Amino acid sequence: MTDLHRHLRDRLLATLVDLGLARDAAQPLIRLDPPKNRDHGDVALGAFQLAKLAGKAPPALAAEIAAKITSDAIIESAAAAGPFVNFRFRRAALALEVLSAIQSDAAPYGKARGNGDVVCIDFSSPNIAKPFHIGHMRSTVLGNALCRIHRHVGATVHGINHLGDWGMPFAKMMTAYMRWGNEQELHRSPMRYMFDLYKRYGVEVKQNPGLDGEAAAHFRALESGVDNQERRMWKLLRDESLKAFQGPYARLGVTFDHITGESFFEDKMAAALQRVVAAGVLEQSDGASVVWLKELGIKEPCILTKSDGTTLYHTRDLAAAFYREVTFHPTRILYVVGAEQKLHFDQLKGVLTKMQEPIAKAVEHVPFGLVLSKSDDGKWEKFASRSGNAVFLDEILDEAVAKVRAVIREKNPDLANADQVAEQVGVSAIVFNDLKNSRIKDVKFDWDSMLQFEGETGPYVQYACARLASILRKVEVPVPAVDAIDCALLADAERVLLVMMDFGTAVQKAAEQSEPSHVTGHAIALAGEIHSYLRDHYVVGAEPAVRDARLVLVDAARRLLTTGLALLGITAPDRM
RNA sequence: GCGCCCGUAGCUCAAUUGGAUAGAGCGCCAGACUACGAAUCUGGAGGUUGGAGGUUCGAUUCCUCCCGGGCGCGCCA
């Protein structure tokens, strides 16, 4: 909420009290939203609920309100339109408010002060001993954006990489190594070698189902806590995997506050299970210990130990929830994990709920859709590369970067650090595309159109930044302070200013709904408005007073676009 | 079979969580670079919001039932 809104809200409340409404009842009903059609006004009040409170018809109340809200230094007009009241701010006041807040980096355009929230964000979480592939990208990119967005609105954030470094997948890989592997080959190229071994396991287990029993035995040995062969191997592969993951993380600009994988909870599961027993909800079923959740509408029981006594994914997530509770005291724990795992998190939350643990209400699954590509017959299916099956993240990033490099060669052949810019823009294009739509939607990669960098894309927004930076370079005078310009000269920039004013709402919604696409959408809208504005409004060569005013606007647009992109984990080059 | 998610323009998506005339991009058609970046901008065509009921001042949004697509459903993660 901006100062303009606050002012309007105060005037409205006073008016409503004048009209005989109870202050406390009326206040929460004053909802100021941007009108659907911005031609109607800058903000609108729907008088429906207030009318009910007043015992009047909505259009009648709207008319009364409009008549009483006379113009002042900030409000230009109030007009009733049926059950709505549309308000316009004075253009100079609008420009002054928005631009000075952006220039001084005040919230919501800059980072807010602590809001008391502590948010744990569990994201990325690749499995060790496997390549970082396309399936890991969404959790990584979404989680990274959510970390940045929550920090921006003032939360204390703990970004956690809950590495898949325990359990059966790893035991299978180990089985393969013990049967067919050797150390020299392993050290030569650990990730590739491990991946080959894992694939071989998948092939051979079909002929020899006994392999799964072997893997289970290795997992028991690993979980025994003894310093044995399994443990040494686990450690080696974990270290190598972490090193390898740094590649994609660096390219994507992702960092973590904590790398506490499933293995971190190895020695914390017994206590967690104790706690479940103490709560009296753990039952035996076919040799396994489970928690039934039928009363919560979940038919499938949550299995916490297998009949051979070893633990599961759920056991570790439960221990992790308890650990995070005492370590971070989170108000929210976000699990950025694909929608296909909804049942898992319903069960996790269900167990905590049944145990009457307060932390249950903090547990929030943040689901997202799949990554699909278009097959030859035009159907969308699980992602496959142009050539075939295995899809590594690097392959996609490289292709995007190469395409950007080609565009630069064509449009800006003299660009100095072209390779560096191509990397920056190419990777951003993929990230932006991932964050553009509601996260529950599948990301559809059409190889032919994904490399088309026109319209609503990352490069479009970055291009706007570069264009603005170019103007700031060319004008050759410093950007004045907002106080030093005549804000009335920016009346022609109302569309830009109104979009700027929406930034706070967009970020707030993104944080509340764990939905970065609100930020992405705002960046696209702002880039579009400033592009349109620049068509008819020149900065360089304008008379000094106008030039200075527009300079502030251009600078603010560049700052705000940069901030928005930063919340998505994207940077913008000054030239591209 | 049961559960969950999705269905909006030819395609990919929005719609401020129940509000005004459902908006963008791509594609298509017609335009704009001899003043700041054309990776851009300005117009235009394009809709029974999958279907049928219901709830109410008001439904793309909520409820019920269908249809279509996807995901999941006891010792994997």
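Letters A, B, ... are given to chains in the order of the sequence lines, protein chains preceding strands, and every chain is numbered from 1. Keep in mind that this is a model prediction, so the values were computed, not measured.
As judged by a 4.0 angstrom heavy-atom cut-off over every strand, A/Leu312 is placed among residues touching the sugar-phosphate backbone only. Backbone-only contact: A/Lys509 has heavy atoms under 4.0 Å from sugar-phosphate atoms and none from a base. When heavy atoms are screened at a 4.0 angstrom cut-off, A/Ala339 is found touching no nucleic acid atom at all. Within 4.0 Å (heavy atoms only), A/Gly167 reaches sugar-phosphate atoms of the nucleic acid but no base atom. Contact annotation for A/Gln452: no contact, since no heavy-atom pair falls under 4.0 Å across all strands. In this structure, A/Pro58 reaches neither bases nor backbone, as no heavy-atom distance under 4.0 Å exists between it and the strands shown. Contact annotation for A/Pro169: backbone-only contact, meaning every heavy-atom pair under 4.0 Å involves sugar-phosphate atoms and none involves a base. Backbone-only contact: A/Glu262 has heavy atoms under 4.0 Å from sugar-phosphate atoms and none from a base. No contact: A/Ala525 has no heavy atom under 4.0 Å from any strand.
If you take CG on A/Asp502 and CZ on A/Arg38, they are separated by 4.5 Å, rounding to the nearest 0.5 Å. We find the CD1-OG1 distance between A/Ile298 and A/Thr353 to be 8.5 Å, quoted to the nearest 0.5 Å.
With P as the reference atom, B/rC13 and B/rG7 are 9 Å apart, rounded to whole Å. Nucleotides B/rU8 and B/rG46, compared at atom C1', are 14 Å apart to the nearest Å. One P atom belongs to B/rA9, the other to B/rG51, and the distance between them is 10 Å to the nearest Å. Rounded to a whole angstrom, the distance from the C1' atom of B/rG47 to that of B/rC11 is 15 Å. One P atom belongs to B/rA39, the other to B/rG27, and the distance between them is 14 Å to the nearest Å. Taking the P atom of each, B/rG43 and B/rA59 are spaced 31 Å apart, rounded to whole Å. Atom name P, nucleotides B/rU34 and B/rG50: the rounded distance is 47 Å, in whole Å. Separating the C1' atom of B/rG54 from that of B/rC41 is a span of 47 Å, rounded to the nearest Å.
Where stacking is scored as ring centres under 5.5 Å apart with planes under 30°, A/Phe84 does not register as stacked on the base of B/rG19. Here A/His40 lies parallel enough and close enough to stack on the base of B/rA20, with planes under 30° and ring centres under 5.5 Å apart.
With B/rU16, B/rC71, B/rA77 as the choices, the nucleotide that has an atom nearest any side-chain atom of A/Leu370 turns out to be B/rC71. Comparing B/rU16, B/rC2, B/rC73 by their closest approach to the side chain of A/Lys299 singles out B/rC2.
A/Asp317 has its CG atom 14 Å from the C1' atom of B/rC76, to the nearest Å. Straight-line distance from the OH atom of A/Tyr201 to the C1' atom of B/rA77: 14 Å, rounded to whole Å. Between the OH atom of A/Tyr313 and the P atom of B/rC73 there is a distance of 12 Å, rounded to whole Å. Atom CH2 in A/Trp380 sits about 9 Å away from atom C1' in B/rC11, given to the nearest Å. In this structure, A/Lys342 places its NZ atom 11 Å from P of B/rC6, rounding to the nearest Å. Here the P atom of nucleotide B/rA20 and the NZ atom of A/Lys36 are 4 Å apart, to the nearest Å. A straight line from CZ of A/Arg316 to P of B/rA77 spans 5 Å, rounded to a whole angstrom. Following rounding to the nearest Å, A/Phe368 (CZ) and B/rC13 (C1') show an atom-to-atom distance of 19 Å.
Put simply, the side chain of A/Asn86 and the base of B/rA20 share a donor and an acceptor less than 3.5 Å apart.
In A/Gln49, the CD atom is not crowded: 12 or fewer heavy atoms of neighbouring residues, nucleotides or ligands sit closer than 6.0 Å. Within 6.0 Å of CZ on A/Arg238 lie more than 12 heavy atoms contributed by other residues, nucleotides or ligands.
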Q. After noting the C-alpha distance and the side-chain angles of A/Glu381 and A/Ser373, does the key distance pass the side-chain hydrogen bond (donor to acceptor under 3.5 Å, both in side chains) rule?
A. CA-CA 6 Å; A/Glu381 55 187 28; A/Ser373 61; 5.5 Å; no
Q: Check step by step if side-chain hydrogen bond (donor to acceptor under 3.5 Å, both in side chains) holds for A/Ser263 and A/Asp165.
A: CA-CA 6 Å; A/Ser263 67; A/Asp165 60 358; 2.7 Å; yes
(Q) Set out, in order, the CA-CA distance, both residues' side-chain angles and the distance that settles ring-ring contact (aromatic ring centres under 6.0 Å, His included) for A/Phe84 and A/Phe48, then state yes or no. (A) CA-CA 8 Å; A/Phe84 294 91; A/Phe48 304 97; 5.5 Å; yes
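When each of A/Ala81 and A/Phe219 is assigned the nucleotide of RNA chain B bearing its nearest heavy atom, the one mapping closer to the 5' terminus is A/Ala81. Checking A/Ser285 against A/Val443, the closest nucleotide of RNA chain B that is more toward the 5' end is the one next to A/Val443.
The ring of A/His531 has its center closer than 6.0 angstrom to the ring center of A/Tyr463. Taking the six-membered ring wherever Trp is involved, the centroid distance between the rings of A/His365 and A/Tyr335 does not fall below 6.0 Å.
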Q: Dot-bracket for RNA chain B, please, read 5' to 3', with Watson-Crick or G-U wobble pairs under 3.5 Å on both distances, ( ) within the strand, [ ] crossing, | other strand, . unpaired.
A: (((((((..((((.....[...)))).(((((.......))))).....(((((..]....))))))))))))....
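Between the side chains of A/Arg316 and A/Thr311, at least one donor N or O lies within less than 3.5 Å of an accepting N or O.
By the rule that a glycosidic angle within 90° of 0 means syn, B/rC33 counts as syn.
Cation-pi geometry between A/Lys268 and A/Phe264 is met: the NZ or CZ atom falls under 6.0 Å from the ring centre, inside 45° of the normal.
OP1 and OP2 of B/rG70 both lie 4.0 Å or more from every side-chain N or O belonging to A/Lys382. Side-chain nitrogen and oxygen atoms of A/Lys441 include at least one within less than 4.0 Å of the OP1 or OP2 phosphate oxygen of B/rG7.
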(Q) How would you summarise protein contacts on nucleotides 28-40 of chain B per nucleotide, using B for base, S for sugar-phosphate only and - for none, with heavy-atom distances below 4.0 Å? (A) -------BBBSBS
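Across A/Pro367 and A/Arg439, no two heavy atoms sit closer than the pair O-NH1, 2.8 Å.
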